[in-house]
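Note that the coordinates shown come from a computational prediction; the quantities given were computed from them, not determined experimentally.
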Amino acid sequence: MKRFDRITSLLLLLQTRSVVTARFLAEYFAVTERTIYRDIRTLENAGVPIGAEAGVGYFLEKSYRLPPVSFTLDEVASLLLGEKLLMSSLDVNSLQDFKQALNKVRAVIDSSDKDYLSSFDANIEVLPTGSHFPIDDSDWLDQKHSANLQDTQQRGSIKAQGMPHSGDRWLRECRSALLHRQVIEIDYAAISKQHHSSRKIEPIGLFYYSWHWHLIAWCRLRRAYRDFRLDRVQSFSIQAEQFPGHSRLTLQQYLNEQPNQDELLEVELFFSAQAARFVGEQRYMFGYIGEEQQQDGVKMRFMTHVPEYMARWLLQYTDEVEVISGDSIRKALQRFSTQLCTHWDKK
């Protein structure tokens, strides 16, 4: 961050808190405390009334108020991404408050930026509980039902439990390419390949599921629509070439063409109280719908399209899980258990 931008951000941060320490500011901006002292002195020399109390921190004098600030397009677009993610995690009243706050932000931006946001809004979708849509991988390109996707989702879940964010990149660049219908050249590392492949793609939307943002695009190499997980994109270059929007599906049209709920298997499981403690976020990777607390455990409902892979996940809970409904799951568990017994009997 440039020094001018940091000092401006520091002034805004001072206005959002009653008091802040130099250590907090240094950690926030990833600089030394000595740098913060110099920035504070710069603001004071510019006439900003900053108070300081030893052992407490810095604060703005109560009489000082900043004039109304404007939002950049990138800032508002980021708020829009946040709204999409919050829709599934906030209660109705809190979500309505957030939407109202975002509408106030929209009201003060330029007309051209409002058109941009409306277009960008249609290019984003969020499915926080996971998805069974195709991703771009080696031998699975033309198969809709593959355990590889569920394996990817489980690894994404494990990763998410230990990290505060997904590590996805290129979101800002994706926004620009989507708006201008520009071709993108990427270097992509598929799940099961050791090498990267260079692709030229025509983006149609951003889709969030399995703890990651995915760029949905027409892949010129595969001559089909593909799903590119952003944290697997090693390089990202927007080309000058544009493609006509009418030549490709919209994001919603693409999603509507994917396997629907009628192809999913409804499964009802009972986890003992001990096992339920360890199910954690992984349940969302297998189409978790809801649960019901019972005296000696938890009954959970799922919708899955790959029962065999779900059965592999359930093996770790041994006799602490029961299949209430879902014959495919039960049969797969029986088969895998027999295979395990045979395998270890040979040792």
Counterpart residues, side chain to side chain donor-acceptor pair (under 3.5 Å), relative to E75 (two or more places apart): T72
Charged tip of R312 within 45° of F336 ring normal and under 6.0 Å: yes
R199 to Y188 six-membered ring, cation-pi geometry met (6.0 Å, 45°): no
Do [X] and [Y] touch side chain to side chain, with heavy atoms closer than 4.5 Å?
{"X": "V279", "Y": "M300", "answer": "yes"}
{"X": "E241", "Y": "Q182", "answer": "no"}
{"X": "L255", "Y": "F207", "answer": "yes"}

Between [X] and [Y], does any side-chain N to carboxylate O distance fall below 4.0 Å?
{"X": "R226", "Y": "E202", "value": "no"}
{"X": "R301", "Y": "E291", "value": "no"}
{"X": "R169", "Y": "D231", "value": "no"}
{"X": "D5", "Y": "K2", "value": "no"}

R23 atom CZ: more than 12 heavy-atom contacts under 6.0 Å: no
Non-hydrogen atoms of L60 and V48 that approach each other most closely: CD2-CG1, 3.6 Å
Sidechain-backbone polar pair: Q253 side chain, T250 backbone, donor-acceptor under 3.5 Å: yes
Whether S247 side chain and P244 backbone form a donor-acceptor pair below 3.5 Å: yes
Donor-acceptor pair between T35 and E33 side chains, under 3.5 angstrom: no
Contacts of type salt bridge (charged side-chain N to carboxylate O under 4.0 Å, His left out), residue K331, not counting sequence neighbours: none
